[in-house]
Amino acid sequence: ILYNMFLNQTENTMPPKEYSFKVKGVLIKETDKSEDDFSIFISAMDDNHAVMLVREHLRKHAPKGNSIIKGIEKNSD
């Protein structure tokens, strides 16, 4: 019975609305402390979610270091 209630709830709920964001910042490499500007377009539920996704992406795909977010723009759809 609980399983059927769960299925009914998931069928009737809409997925959260996602927006397009442009996140800009600086990546400071750990090895030589050099700075590289970056700009990433990403889909997210809000600006905090966008920053979280960008930091996760940089952690997995950029050289080791720190990221500083300098700006975020919500693109009009």
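The list of ring pair (Phe, Tyr, Trp, His ring centres under 6.0 Å) pairs with a residue in residues 35-71, not counting sequence neighbours, reads H57-H61. Pairs of residues two or more places apart, or lying in two chains, that qualify as salt bridge (charged side-chain N to carboxylate O under 4.0 Å, His left out) and include a residue from residues 31-46 are K29-D36. The stretch residues 57-66 participates, sequence neighbours left out, in these salt bridge (charged side-chain N to carboxylate O under 4.0 Å, His left out) pairs: E56-K60.
The other members of the hydrophobic cluster of I28, by chain and number, are V26, I68 (side-chain heavy atoms under 4.5 Å, ILVMFWY only).
Every residue two or more places apart in sequence or in another chain that forms a side chain to side chain contact (heavy atoms under 4.5 Å, CB included) with K74 is listed here: Y19, F21. Listed by chain and residue number, K22, K24 satisfy the side chain to side chain contact (heavy atoms under 4.5 Å, CB included) test with S39 (two or more places apart in sequence, or in another chain).
Atom CD1 of I42 sits about 9.0 Å away from atom CD1 of I72, to the nearest 0.5 Å.
Counting all heavy atoms, side chain and backbone alike, S43 lies closest to L53 at O-CD1, 3.6 Å.
Follow the hydrophobic side-chain contacts under 4.5 Å out from V51 and you never reach M45; the two are in separate clusters.
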